[in-house]
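Keep in mind that what you see is a predicted model, and the values were worked out from it rather than measured.
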Amino acid sequence: MEDPSKLSPPKSSKTTPSSNTKRGIKSGQLQPFRLQTEQRGQIKEQAFTKRVQELVAEEAKQRIPIAQGLPLTNDKPQNLPKPPVKEQTKPLNIKLHTEQRAARRAGFNNLVSSKNYSLEILRRFEEKLLKVIEEEEIRMMRKEMVPKAQLMPIFDRPFLPQRSTRPLTVPREPSFHFLKQKLCSGGEPYKIHQHINQNMKAVK
């Protein structure tokens, strides 16, 4: 077995401060992170609280009634003159025409009602007359629609067409040489047209 005295102690991983200073390495403590978002959040929160406080203070000021002072130009209030006292109005004896107007209105209403009544009677009479005429026409139409027996035709004397006694039309030649003479002599067109119509009637 080996001698425990001869065993060397284990080397520690930590270095002594003298050795660190010799090597030029500085030991530092860990610090927490400082993010810009946290700073911005704090600034916004402070601004919001300040704004809320200002609104509350302004509402409190508005609740306090403030008396309005005198104008700057007058140290003392002006004594306005009292308006003149008017005399008491005396009631007048006015004659109203309501009774006369009511009587005229009643007469007009009676006239209108009588006119409407007469028009209604006339309308009913016309409707009744039209109904009677319509019933009479229906009765006549039904009477005409009744089938009636026709007489038997007579076959003993049949129809025989007879020859007409009118004389036959004699044909005539149109006189075109007379028309040519008229055209050459410069006759009026109306007279020429009349002459042609007379010749055509003669041909017929």
Side-chain angles (χ1 to χ4, degrees), residues 37 40 44 47-48 51-52 54-55 58-59 62 68 71 78 80-204:
T37 54
R40 288 200 299 268
K44 288 185 178 180
F48 178 73
R51 186 178 176 186
V52 169
E54 289 177 356
L55 291 173
E58 189 175 354
E59 289 179 357
Q62 289 179 358
Q68 296 181 358
Q78 294 181 357
L80 298 175
K82 294 182 179 180
V85 179
K86 294 183 179 180
E87 296 181 359
Q88 295 181 356
T89 55
K90 296 179 180 180
L92 300 176
N93 189 10
I94 299 172
K95 294 182 180 180
L96 302 176
H97 302 282
T98 53
E99 295 179 358
Q100 298 177 3
R101 292 178 62 186
R104 284 184 290 177
R105 185 66 184 178
F108 177 74
N109 291 336
N110 292 331
L111 179 64
V112 171
S113 61
S114 62
K115 186 176 180 180
N116 292 334
Y117 181 71
S118 61
L119 290 174
E120 184 69 20
I121 291 173
L122 184 62
R123 186 180 62 82
R124 290 180 182 178
F125 178 74
E126 289 178 354
E127 289 180 356
K128 189 175 182 180
L129 184 63
L130 290 173
K131 189 175 181 180
V132 171
I133 293 171
E134 186 177 358
E135 290 178 355
E136 185 67 21
E137 289 179 354
I138 292 170
R139 189 178 64 79
M140 293 296 293
M141 288 175 64
R142 287 178 178 175
K143 188 176 181 180
E144 291 177 357
M145 290 173 65
V146 174
K148 296 180 180 180
Q150 299 291 334
L151 298 175
M152 191 71 179
I154 301 172
F155 294 103
D156 297 338
R157 293 176 292 175
F159 174 73
L160 296 174
Q162 298 180 1
R163 190 176 184 82
S164 177
T165 57
R166 188 174 179 180
L168 297 174
T169 305
V170 180
R172 292 172 58 185
E173 293 184 1
S175 57
F176 291 109
H177 60 279
F178 180 74
L179 181 61
K180 289 180 181 179
Q181 290 179 1
K182 287 284 185 182
L183 289 172
C184 293
S185 61
E188 297 180 358
Y190 176 73
K191 292 183 178 179
I192 295 170
H193 184 68
Q194 189 176 7
H195 180 67
I196 292 170
N197 290 337
Q198 289 178 359
N199 291 336
M200 294 298 291
K201 287 180 182 179
V203 169
K204 289 180 182 180

Salt bridge (Lys or Arg N to Asp or Glu O under 4.0 Å): pairs with one or both residues in residues 86-106, sequence neighbours excluded | none
Any pair counted as salt bridge (Lys or Arg N to Asp or Glu O under 4.0 Å), so long as it reaches residues 139-152, sequence neighbours left out | E136-R139
What pairs with L92 under side chain to side chain contact (heavy atoms under 4.5 Å, CB included), at least two apart in sequence or on another chain?
-> I94
Considering residues at least two apart in sequence or located in another chain, which fulfil the side-chain hydrogen bond (donor to acceptor under 3.5 Å, both in side chains) criterion with R123?
-> E120, E127
Separation between CG of N116 and CG of L111, rounded to the nearest 0.5 Å = 9.5 Å
Quick one: CD on E137 to CG on L130, what's the gap to the nearest 0.5 Å?
-> 10.0 Å
Who passes salt bridge (charged side-chain N to carboxylate O under 4.0 Å, His left out) against E54, sequence neighbours left out?
-> none
In chain order, what residues pass the salt bridge (charged side-chain N to carboxylate O under 4.0 Å, His left out) check against E126, with sequence neighbours excluded?
-> none
